[in-house]
**Q** 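Got a structure here, written out as C-alpha cells. Questions coming.
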Amino acid sequence: MTDKTLGEMDYAGDDHVVPFQVEALDVRGRSVQLGPVLDQIVRRHDYPEPVTRLLSEAIALTVLLGTSLKFDGRLIVQTQTDGPVNLIVADFSSPDGIRAYARYDEDRIAAIQANQIATSEELLGTGVLALTIDQGQHAQRYQGMVQLEGTGFEDAARTYFRQSEQIPSEIKLAVAKLIQSGEDGPSEQWRAGGMISQFLPDAPERIRQIELPSGNEELDALRMEEPDDAWRELIALMDTIEPSELLDPTVGSERLLYRLFHQRGVRVYDGISLEGRCSCSRGKISQIISGFTAEEINECTENGRITVNCEFCSAGYEFDPAEFD
C-alpha cells in the first residue's frame, strides 16, 4: 500500500473503497461510492423502490465493513424484523465480492408507496441486525447482534461497534436513483455512498472520555466530564457531509476526504475494487439436492423437473430428478 498526497494520486472512482487515516484525530476509516456494481445487483431483483433503497444502504454498509477483513473470508450483514422489509442479507466475500437480496411484504410496501416515502427505520421495523464473520471451514464463526427498535443502519452500526467492539464509530450512508441523459434518451442508475470513521487512539483511556449515549450504566459510568476533543471534532466534521457528496461521481471519495480533513491532514490509500459476484453454481446446488430424501426430491419436482432460483443473483437452474436416484 503506497502513501500518496491528493495531488499525486489518481481518483479511485466508482465501486472502490478508499481507506484513509487522519493521524491528528486518531481516526481511521473507509469511504465508498457505488455505481455500476450496485446498479447491477439491484436490477437483477427488480424490487419496489423503497426496498431497493434499503437494500442499497445495506450493501454500502457491508462493503465498508467487509473491506476491513485481513483474511480470506466473508462478512454477512443480515436483518430479521417485523417491518415491511422483513429480511435483508448482504454478503461480502474478501477481497472484493458483494451480493445481496431482500424479502418483503408486497401489500405493506404497496401501501407505503401509495401514501408516503418511508424511512429506513419504518421499513426495517423491530428485530435484529446480525453481523457474521466467517473465516472458512477451519475456523469458528463469529456473530454479533444488535437490536433494531426504530433504528436504521447508521445507528445500528454505531451501536454494534460501541457495544461489541468498544470502538467509537461514525457512519454516514446515502442512496439515490440518478437520471442521466444520453443519446438513447434518459437512463436511470442506482447509486450509494458511505463513510465510516473510527476513533483508534493509542491510549485506550481516551475512548472512555467520549460522551456516547450508550444507555448502558456501566459504560456511562466510565465517562469523564469532557468528551475527547479529537472525537468531538470528527463528529462535527462528518455532520457537515451532504448526501449528494457521498453520491456525486464528480466529487469522489478522495475529494470529499480532502474537503473534510485538509486542515488536519488526511492520508488516503489505494482503492479496493468491488465486484458484484455470486458464489452459486450448478455443482453446489446439485450437491445440496443430493442430500435430500426421496420424498423431499419428489416434493421439489414439478412437471418432471427440479427448478432452483438463486435468491442472490436470480440465476435459474434446472435438474432432472433422475440425477439424484
Side-chain angles (χ1 to χ4, degrees), residues 1-35 60-70 94-96 154-155 157-158 160-162 165-174 191-212 223-274:
M1 190 174 289
T2 305
D3 294 353
K4 300 178 182 178
T5 64
L6 188 63
E8 296 175 337
M9 72 179 305
D10 296 327
Y11 293 111
D14 283 348
D15 303 324
H16 287 78
V17 176
V18 178
F20 67 89
Q21 182 176 1
V22 185
E23 294 180 1
L25 299 179
D26 290 313
V27 165
R28 297 178 186 175
R30 292 170 298 284
S31 181
V32 69
Q33 285 193 347
L34 295 171
L61 176 63
T62 302
V63 299
L64 286 173
L65 303 184
T67 47
S68 68
L69 297 178
K70 305 300 183 185
S94 62
D96 57 8
E154 289 181 352
D155 286 338
R158 294 185 191 108
Y160 168 79
F161 279 106
R162 184 175 68 240
E165 307 292 336
Q166 286 79 54
I167 300 176
S169 304
E170 180 63 8
I171 296 96
K172 295 291 184 182
L173 301 171
R191 295 184 62 81
M195 183 182 296
I196 180 170
S197 296
Q198 297 185 303
F199 187 51
L200 298 165
D202 291 333
E205 59 269 17
R206 287 182 61 195
I207 294 178
R208 299 177 183 178
Q209 293 179 260
I210 296 176
E211 187 175 358
L212 292 170
R223 293 181 188 163
M224 305 279 291
E225 292 184 1
E226 293 294 329
D228 190 281
D229 287 339
W231 179 249
R232 181 164 51 186
E233 182 177 340
L234 181 280
I235 293 295
L237 289 170
M238 289 196 65
D239 280 344
T240 67
I241 298 175
E242 296 291 337
S244 59
E245 293 180 295
L246 291 170
L247 299 167
D248 190 343
T250 65
V251 174
S253 294
E254 294 89 350
R255 185 173 281 115
L256 175 55
L257 290 168
Y258 179 77
R259 287 180 181 179
L260 289 174
F261 302 118
H262 67 277
Q263 290 183 324
R264 285 294 196 171
V266 57
R267 177 181 298 174
V268 296
Y269 300 90
D270 293 336
I272 304 167
S273 64
L274 299 168

**Q** Gly193 and Ala60: which non-hydrogen atoms are nearest, and at how many Å?
**A**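 Minimum heavy-atom separation between Gly193 and Ala60: O-CB, 4.3 Å.
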
**Q** Would you check if Asp239 and Lys172 make a side-chain contact, meaning some heavy-atom pair closer than 4.5 Å?
**A**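 Yes, close enough: below the 4.5 Å cut-off.
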
**Q** Knowing that exactly one of Val22, Val27, Leu260 qualifies, which makes a side chain to side chain contact (heavy atoms under 4.5 Å, CB included) with Ser197?
**A**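 One option only clears the test, and that one is Val27.
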
**Q** Of all the heavy-atom pairs spanning Leu246 and Ala174, show the shortest one and how long it is.
**A**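 Looking at all heavy atoms of both residues, the closest pair is CD1-CB, 4.0 Å.
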
**Q** Rounded to the nearest 0.5 Å, what's the gap from CD1 on Ile171 to CG on Leu64? Could you check?
**A**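 If we round to the nearest 0.5 Å, Ile171:CD1 and Leu64:CG are 8.5 Å apart.
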
**Q** Would you say that Ser169 contacts Gln198 through its side chain, given a criterion of any heavy-atom pair below 4.5 Å between the two side chains?
**A**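 Result yes, sub-4.5 Å side-chain heavy-atom pair found.
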
**Q** Any side-chain to backbone donor/acceptor pair from Asp15 onto Gly35? Under 3.5 Å, distance only.
**A**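 Checking the backbone N and O of Gly35 against the side chain of Asp15, a donor-acceptor pair under 3.5 Å is found.
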
**Q** Taking it one step at a time, do Phe161 and Leu65 satisfy side-chain contact (heavy atoms from CB on, under 4.5 Å)?
**A** CA-CA 11 Å; Phe161 279 106; Leu65 303 184; 3.5 Å; yes

**Q** If you look at every heavy atom in Ser94 and Leu69, which pair is closest and at what distance?
**A**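 Of all heavy-atom pairs spanning Ser94 and Leu69, the closest is CB-CD1, 4.4 Å.
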
**Q** For Gln33 and Ser253, indicate whether the former's side chain and the latter's backbone hold a donor-acceptor pair under 3.5 Å.
**A**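 No, because the side chain of Gln33 does not come within donor-acceptor range (under 3.5 Å) of the backbone of Ser253.
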
**Q** Return the CG to CD distance between Leu256 and Glu245, rounded to the nearest 0.5 Å.
**A**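 CD of Glu245 is found 5.5 Å from CG of Leu256.
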
**Q** Are the side chains of Ile272 and Pro19 in contact, using a 4.5 Å heavy-atom criterion?
**A**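 Contact flag for Pro19/Ile272 side chains = yes.
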
**Q** As a test of understanding, state which of Ile196, Leu234, Leu237 forms a side chain to side chain contact (heavy atoms under 4.5 Å, CB included) with Glu170.
**A**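 Among Ile196, Leu234, Leu237, the one that satisfies the side chain to side chain contact (heavy atoms under 4.5 Å, CB included) with Glu170 is Leu234.
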
**Q** Quick check: closest heavy atoms across Val268 and Phe20, and the distance to 0.1 Å?
**A**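 Reported closest heavy-atom pair: CG1-CB, 4.1 Å.
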
**Q** Using only atom types and a distance under 3.5 Å, with no angle test, would you say the side chain of Arg255 pairs donor to acceptor with the backbone of Thr250?
**A**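 The answer is yes, because a donor-acceptor pair under 3.5 Å joins these two groups.
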
**Q** Taking all heavy atoms of Met195 and all of Leu257, pick out the closest pair and write down the distance.
**A**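 That would be CE-CD2, 3.7 Å.
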
**Q** How long is the gap from CD on Glu233 to CZ on Phe261, to the nearest 0.5 Å?
**A**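 One gets 9.0 Å once the value is rounded to the nearest 0.5 Å.
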
**Q** Working to the nearest 0.5 Å, report the span between CG of Asp14 and CZ of Arg191.
**A**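 These two atoms lie 4.0 Å from each other.
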
**Q** Decide yes or no on side-chain contact (heavy atoms from CB on, under 4.5 Å) for Thr67 and Val32, but give the supporting numbers first.
**A** CA-CA 11 Å; Thr67 47; Val32 69; over 6 Å; no

**Q** Has Arg30 got a side-chain atom pairing as donor or acceptor with Val17's backbone, closer than 3.5 angstrom?
**A**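 Checked: no pair found.
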
**Q** To the nearest 0.5 Å, how far apart are CG in Leu200 and CG in Asp26?
**A**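 Leu200 CG to Asp26 CG: 8.0 Å, rounded to 0.5 Å.
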
**Q** Which heavy atom in Phe199 sits nearest to a heavy atom in Trp231, and how many Å separate them?
**A**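 The pair with the smallest heavy-atom distance is CB-CE3, 3.4 Å.
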
